Amino acid sequence: MYYMNSIVFDERIDVKETLFSGQSFLWTIIDDDSSYYASVIDYVVIILRQVSDIEVEVITSDCFINGRVINDFIYNYFSVEIDIKSSLIDCFEYRYADIWSMLQVYFSIRVLRQEPYETLITFMCAQGIGMHLIRKQVSMITQAYGEKQSITLSGKEIILHSFPTSERLSSVDPLVLSACTNNNRIRASNIVLAAQAVADGKIDLQALANPAIPLAELRNTLCQNRGIGYKIADCIALFGLGRFDAFPIDTHVKQYLATWFNSTTALRPLTPARYLLLDAEARTFLNPELAGYAGHILFHCWRKEVKKLRSF
DNA sequence: CTCCAGGTGGCGA
DNA sequence: TCGCCACATGGA
């Protein structure tokens, strides 16, 4: 028994660019020609299909996701209430006219509100390697330790896996897990430690989701865990805790800060001190409240337009 | 072959 | 605090 819904948004949303812009590593392309994309969220199989610029078809194995009815969940998941253009400062259009015109296409990308723990683990897989390898690691982790789920779409069975619980990952031998983390034992060990911390409450993600917590404090708390530095902490905040003010700075962001925004700091090696400097610099031409939202749009635009990269 | 990819942590100066 | 290096793999 499956549930089908059709959701019409007020503004144009590009589902594929959103799901595969590198903020989520848990979606797979079922049928690119028909624009079908699938994932498992809270043990619910969910399939999205882009019907038109503003319409999305949703097929799920349950009518509730995370205790919400499907439509409510999707609206929240795609953060449709956010006015993307307000993530840039008012004079951006005039001060950075070339970038502004290049960005137009990318305003159809939304920043997702994803499950915090899954975001934490998946971004711990994203260190100094390409997007392709990150997806491979996450996919292997779900297949090895997640629960098998399936759904039949037009006569074809689609096999998916839920993301393994923190309890499940806690009990995995790091050496065995390293088969799923590029053979990187340090990363595997850090992931197990993080899963254990989540499982026994040392990392309280529900508490960290409190928007009243200052960004710097949130970042420092997350950084107390091995394998999480400023960048990963900001990614967890932005994509997993709905903190759209968090501005992760990676190799690509560093590059566009230097090239597009003439940052001399961004020309030098990225140290923790320079990370904080760049963070402050970015907030002079981005809306501080939505700096990370803007950062993700700029990030994806830079990767595609300048670097000619793919995210999957 | 070299360089780079959504980085982090340990080390010596 | 900064620069350098190991960690690991794969694509350009």
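Letters A, B, ... are given to chains in the order of the sequence lines, protein chains preceding strands, and every chain is numbered from 1. Note that the structure is a prediction, hence the values are computed from the model and not measured.
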*For A/Gly22, report the nucleic acid contact type (base, sugar-phosphate, nothing); a contact means any heavy atom under 4.0 Å.*
base

Considering only distance and modelled atom types, tabulate donor-acceptor pairs under 3.5 Å from the side chains of residues 148-160 of chain A, sequence neighbours left out.
from, atom 1, to, atom 2, distance (Å)
A/Ser150, OG, A/Glu157, OE2, 3.1

*Minimum-distance nucleotide to A/Asn184 side chain [options: C/dT9, C/dG3, C/dC7]*: C/dC7

_Interface residues of residues 298-312 of chain A with DNA chain C (non-hydrogen, below 4.0 angstrom)_ =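 Heavy-atom cutoff 4.0 Å gives no residues at all.
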
*Could you identify which residues of residues 127-146 of chain A place a heavy atom less than 4.0 Å from some atom of DNA chain C, listed by residue number, or say none?*
A/Gly128, A/Ile129, A/Leu133, A/Lys136

*Between A/Ile228 and A/Pro248, just flag the one whose closest nucleotide in DNA chain B comes earlier from the 5' side.*
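Nearer the 5' end of the strand: A/Pro248.
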
*Between C/dG10 and B/dT8, how far apart are the P atoms? Round to whole Å, please.*
22 Å

*For nucleotides C/dA6 and B/dG6, find the distance between their P atoms and express it as a whole number of Å.*
22 Å

Is the distance between the ring centroids of [X] and [Y] less than 6.0 Å?
X	Y	value
A/Phe285	A/Phe261	yes
A/Trp100	A/Tyr96	no
A/Phe73	A/Phe64	no

*asked:* Is any side-chain heavy atom of A/Lys16 closer than 4.5 Å to one of A/Thr18?
replied: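 Answer no - side chains too far apart.
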
Donor-acceptor contacts under 3.5 Å from residues 187-194 of chain A side chains, at least two apart:
from, atom 1, to, atom 2, distance (Å)
A/Arg187, NH1, A/Gln137, OE1, 3.0
A/Arg187, NH2, A/Gln127, O, 3.3
A/Asn190, ND2, A/Ile186, O, 3.3

*Quick one: is the NZ or CZ of A/Arg49 closer than 6.0 Å to the six-membered ring centre of A/Tyr37, and within 45° of its axis?*
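Pair A/Arg49/A/Tyr37 does not count as cation-pi.
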
*Rounded to the nearest 0.5 Å, what separation is found between the OG atom of A/Ser21 and the CD1 atom of A/Ile297?*
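Interatomic distance, A/Ser21 OG to A/Ile297 CD1, rounded to 0.5 Å: 7.5 Å.
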
*Which two nucleotides bound the region of DNA chain B that has atoms under 4.0 Å from heavy atoms of chain A, read 5' to 3'?*
B/dA5 to B/dG10

*asked:* Please enumerate all residues that pass ring-ring contact (aromatic ring centres under 6.0 Å, His included) together with A/Phe239, with sequence neighbours excluded.
replied: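 With sequence neighbours excluded, A/Phe239 shows a ring-ring contact (aromatic ring centres under 6.0 Å, His included) to A/Phe123, A/His296, given in chain and number order.
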
*Under 4.0 angstrom between A/Arg268 side-chain N/O and C/dC2 OP1 or OP2*: no

_Can you tell me which residue among A/Phe25, A/Tyr117, A/Tyr43 is in a ring pair (Phe, Tyr, Trp, His ring centres under 6.0 Å) with A/Phe163?_
A/Tyr117

*Nearest heavy atoms of A/Ser263 and A/Glu281, plus distance in Å*: OG-OE1, 2.7 Å

